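Each chain gets a letter, A, B and so on, in the order the sequences are listed, and its residues count up from 1. The structure presented is a predicted model; accordingly, all values stated were derived computationally and were not measured.
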Amino acid sequence: MPPLPRPPRPPAAAHWRLDPRTIYLNHGSFGACPAAVLERQADYRELMERDGVRFFCEHMNPLLDASRAALAEFLGAAPADLAFVPNATAGVATAIENIARGVGMPGGRPLGPGDELLVSPHEYPACRNQFRAVARRTGCEVVEADIPLGPAPGEPPVTADWIAAAVLGAVTERTRVALLSAITSPTAIVMPLDRILPALRERGVLTIVDGAHAPGAIPVDLGAMRPDIFTANCHKWLCGPKSAAVLAVREDLRPHVRPLVLSNGAEAPPGGRPKFWSEFDYVGTSDLTPAMAAGDAVRLLPEIAAAPWEAIRSHNRDLARRARDILSAALAVPPPYTDALLGPMAMLPLPEIPAADRARLAARPTRYADALQDALLDRHGIQVPVWRAVGAAPGASFDGRRFVRISAQLYNTEAEYHALAAALLEELERERIRERAGPPGVARPIPS
Amino acid sequence: MPMAEPTHAVLPRPHTAESRPAAVIAPPEGVAEPAVWPIEPGLTLLNHGSYGVCPEYVVRRQAELRARMNADAPRFFKVELERLADRARASLAAFVNCPARDLALVHNGTFAVSTILRAIPFRPGDEIVITDHEYAATTNELARVCEQTGAVLRTARVPLPLAEPGVVTRAVAGAMSERTRLVLVSHVASAAGLVFPAQEICDLANERGVDVLIDGAHAPGQLPIDIAALRPTYYAASCHKWLNTPKGSGFLYVRPDRQAMVQPLALSCRVHEKREDRAAFLCDFDYVGTGDYTANLVIPDAIDHLAAQVPGGWPEIYERNRRLVAEGARLVRDRCGLEPAGPPEMFASMQGVLMPPLPAGAPEPRRYDDPLWDRLRGEHAIQVPVWPFSPARARIMRLSANLHNSIEQFERLAGVLHAELARERAA
């Protein structure tokens, strides 16, 4: 069946260079950079190739500092608080590796047996991988807070209170570090950090806030949030180029925090610049133009939207909520979380697969995490992530369940989510009826 | 909320638009596109070595990939990235003569060296042998590794001017002991531009059963690399220098029996997923979180584009650059009465020239590492590095030659430098 014509994009979409064939409902995973920001980055890159020596010796610091100032203001921080890292994954890895060798620890002692690192299944897998690697190496233990993926059947949606209680209930006197997303990646929950962080601080637990999805999605005020270490991507909801992210470290810890890779800026900071900047900003020759253009994105997105950031954020949040409701009604699945936990993304569990079909459906070839995502892309031109809860996911009723996470950005419309709802219903029906009869199909190659 | 139409407003640019320099050498007939180097017009760039220059063709290929990345990022990162990384790796593997599966693509040589230094489980008392020509980033990372693990650094002294390559091998051999756990030596020493005897050093380490890491930051594209013949345990390199890829491009070769030990310093969300069809070493390094990987993905385009510029391909590029910088350095030395950092056979596309010490009372450098460097760039639009080296030999000037350079540029430098040195003495 030929795909239906895609719903028209709104005028703002002309600022992006998205694949015209695709209904793009996954801003959250990798972001999308508008042409105006890419052009600004191209200017920096051209400058870099004209005289690379001069660029790295003379232009680099002023350009990074200008971007840093814009980002600091946007995040409610001082420029001195911020250094650049390649992405939030590297930011979290930097944080836990430094804590592992004693930074911020009682008496400066390294992590070791008896210490606990608090995470939850909602945290990003890369960061959980890094935490597990540190635990293996140091002998400490990773503890998972029991935040449910959703309510039990018939129960009301999960609330901020529930989540705060789950996190704080997992804290023991051995808890040294807690990793908390500002917005969780797999489940798109805006975490109630305003309740959780003060309580953790009071109990002497170091906090790493993974703000991978936060800047541009929700208001971020680091001065009020006061995490010990914060990291955030600028390529997602801030719409900067990829490879732009920041790391913020509590002032008294800053002199002790070192990058994963040391470069030639480690010894003598040129011109009296803080070592925190000189060590993190330049880690061997690399393309720093994404970090330089991230500050431009702070200014350019409101120009594109002809509206301030607050209006962009509420537009996206409202659209995500309506989108969730469209899917929820179409699939007859209640929303798992209260509206207060929503940002510009929403996660919805898909209807339960009968136990007899799970293995067959899970075994289908996929280029993503589940063949349903391939089908949505190949047959309907819809790019949206689908994944499965496996094994130890909390809430036994969610074992084997699949989830879809939608994003809402200025270039999306409500009609696109109606198209997704229709496509999901069709594909779920196809899974139930048609595919049960025959062998699994082979994923079609993507036209390049 | 109201949505504005695109305005296509002209953004303030950080520099003025100027005409492009033309290709410096005429490529053989039938070449699709001559190399155009986007170097500032009027600039005498005799420092290809520090950061490289990326020809416009390669910049454009990268822009094409970046457009694909921004058109449908999930497809790019989940479906295309692996294929594109394999394409880059295949090309690179042929270029450095090793199996593609043993190559990880990384941002630069510094990342590659650090990745290895932090992966090796050093124990207190283990010794790491280096030379006193190793790069500052390397020695900084080594200082941290030694502090954290209790390993001890042994530095082989290689004084300048260097008489012959055997001096390096003997110095390294002399610094080794039965406690040596790793030998780390540059293939091309950064400051002096000297090609070190990597083969002899690898042979020496292999004979003694010691792991060896060759820091080839400056090597790919400057001289042939044959990893199968060298037999290093690890080889770290940047590609944005002499392979002319965009900045942020490099590789790490790891001998198969060491690959299980080596992981990226920041683990990704895919690192726990083991696949039957693909080695964990490749999966782990090909994606380390969302970032711009396109500089590495156009390695084949850079290799092919450059090779097409001269009839003899890369061997001819090596030879041309070696001859040009040798002739240029001789002009500069003869005119100014200076000495080379080593014998002619120890240079490839870069040559270190030993400079007179900085006179007492000379001004502090403002922009670069030496007031002379400041003046050459600021007053004469010549970009060439002058930096401090060992206490015995106060300063080195390092000259580079690539296809965008000409002998006239070295002649110009010789005249300017002669006058500047006289000015320095008189001041």
Side-chain angles (χ1 to χ4, degrees), chain A residues 10-12 14-15 17-19 22 26 29-30 32-33 39-40 43-44 46-54 56-58 86-87 89-90 93 101 124-126 129-130 133 235 241-243 260-264 266-267 283-287 290 304-307 311 315 367-368 383 410 446, chain B residues 1-6 11 13-15 38-40 43 45 47 50-54 59 67 69-75 77-80 107-111 114 135-137 140-141 144 148 238 240 246-248 265-269 271-272 288-292 295 367-368 377 383 385:
Chain A
H15 291 281
R17 296 290 179 263
L18 296 169
D19 186 338
T22 305
N26 186 11
S29 285
F30 304 96
C33 190
E39 282 164 19
R40 202 78 180 92
D43 290 341
Y44 299 133
E46 190 184 325
L47 184 64
M48 174 167 72
E49 293 297 342
R50 289 160 65 89
D51 178 353
V53 185
R54 187 168 185 192
F56 283 97
C57 296
E58 294 185 51
N87 52 47
T89 295
R101 60 178 186 83
Y124 188 58
N129 286 336
Q130 194 80 31
H235 67 260
K242 288 157 197 37
S243 287
L260 296 172
V261 172
L262 295 190
S263 180
N264 37 359
E267 295 292 310
V283 187
T285 297
S286 196
D287 187 352
I304 286 170
H315 169 274
R367 297 156 297 179
Y368 297 92
Q383 184 60 276
L410 298 175
I446 295 261
Chain B
M1 67 186 283
M3 293 295 176
E5 295 289 339
L11 295 165
R13 294 170 73 88
H15 54 87
I39 298 167
E40 184 177 306
L43 178 68
L45 181 72
N47 183 10
S50 283
Y51 302 97
V53 182
C54 186
V59 170
M69 174 169 77
N70 280 301
D72 183 349
R75 188 168 74 194
F77 283 100
K78 295 202 181 255
V79 182
E80 297 188 342
H107 288 310
N108 54 50
T110 297
F111 260 85
S114 271
Y135 192 56
N140 288 335
E141 189 65 87
R144 169 161 78 172
Q148 288 178 4
S238 291
H240 48 248
K247 286 161 198 32
L265 295 171
L267 303 178
S268 85
C269 57
V271 86
H272 59 289
V288 289
T290 298
D292 190 339
R367 303 199 293 190
Y368 300 105
R377 180 63 180 89
Q383 187 58 275

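- A heavy-atom distance below 4.5 Å is found between the side chains of A:Asp51 and B:Arg377.
- Heavy atoms closer than 4.5 Å to chain B are found in both the backbone and the side chain of A:Ala126.
- Interface residue B:Glu141: backbone and side-chain heavy atoms are both found under 4.5 Å from chain A.
- Between the CE atom in B:Met69 and the NE2 atom in A:His235 there is a gap of 9.5 Å [rounded to 0.5 Å].
- Across A:Val283, A:Asn129, A:Asp287, A:Thr22, the residue that shares the most heavy-atom pairs under 4.5 angstrom with chain B is A:Asn129.
- Judged purely by atom type and a 3.5 angstrom limit, B:Asn108 uses its side chain to pair as donor or acceptor with the backbone of A:Thr285.
- Counting heavy-atom pairs closer than 4.5 Å to chain A, the top-ranked of the candidates B:Asn47, B:Thr110, B:Asp72 is B:Asp72.
- For the atom pair B:Tyr368 OH and A:Arg54 CZ, the distance stands at 6.0 Å (nearest 0.5 Å).
- Here the side chain of A:Gln130 pairs a donor or acceptor atom with the backbone of B:Leu265 at under 3.5 angstrom.
- Of the listed residues (A:Gly284, A:Ala93, A:Ala90), the greatest number of heavy-atom pairs within a distance under 4.5 Å of chain B belongs to A:Gly284.
- For the residue pair A:Thr89 and B:Gly289, the shortest heavy atom distance occurs at OG1-CA, 4.3 Å.
- Pairing each heavy atom of A:Phe30 with each of B:Thr290, the nearest pair is CD2-OG1, 3.2 Å.
- Counting heavy-atom pairs under 4.5 Å between each of B:Ala266, B:Gly248, B:Cys269 and chain A puts B:Cys269 at the top.
- Between chain B and the options A:Ser29, A:Ala32, A:Cys57, heavy-atom pairs under 4.5 Å are most frequent for A:Cys57.
- The two atoms that bring B:Arg144 and A:Leu260 nearest to each other are NH2-O, 2.8 Å, heavy atoms only.
- Per-residue counts of heavy-atom pairs under 4.5 Å with chain A were compared for B:Lys78, B:Arg367, B:His107; the largest is that of B:Arg367.
- A donor-acceptor contact shorter than 3.5 Å is absent between the side chain of B:Asp292 and the backbone of A:Ser243.
- Checking side-chain atoms of B:Glu40 against main-chain N and O of A:Arg50 turns up no donor-acceptor pair under 3.5 Å.
- Residues satisfying the side chain to side chain donor-acceptor pair (under 3.5 Å) test with A:Glu49, not counting sequence neighbours, are B:Lys247.
- The contact between B:Phe111 and chain A is made by backbone and side chain atoms together, counting heavy-atom distances below 4.5 Å.
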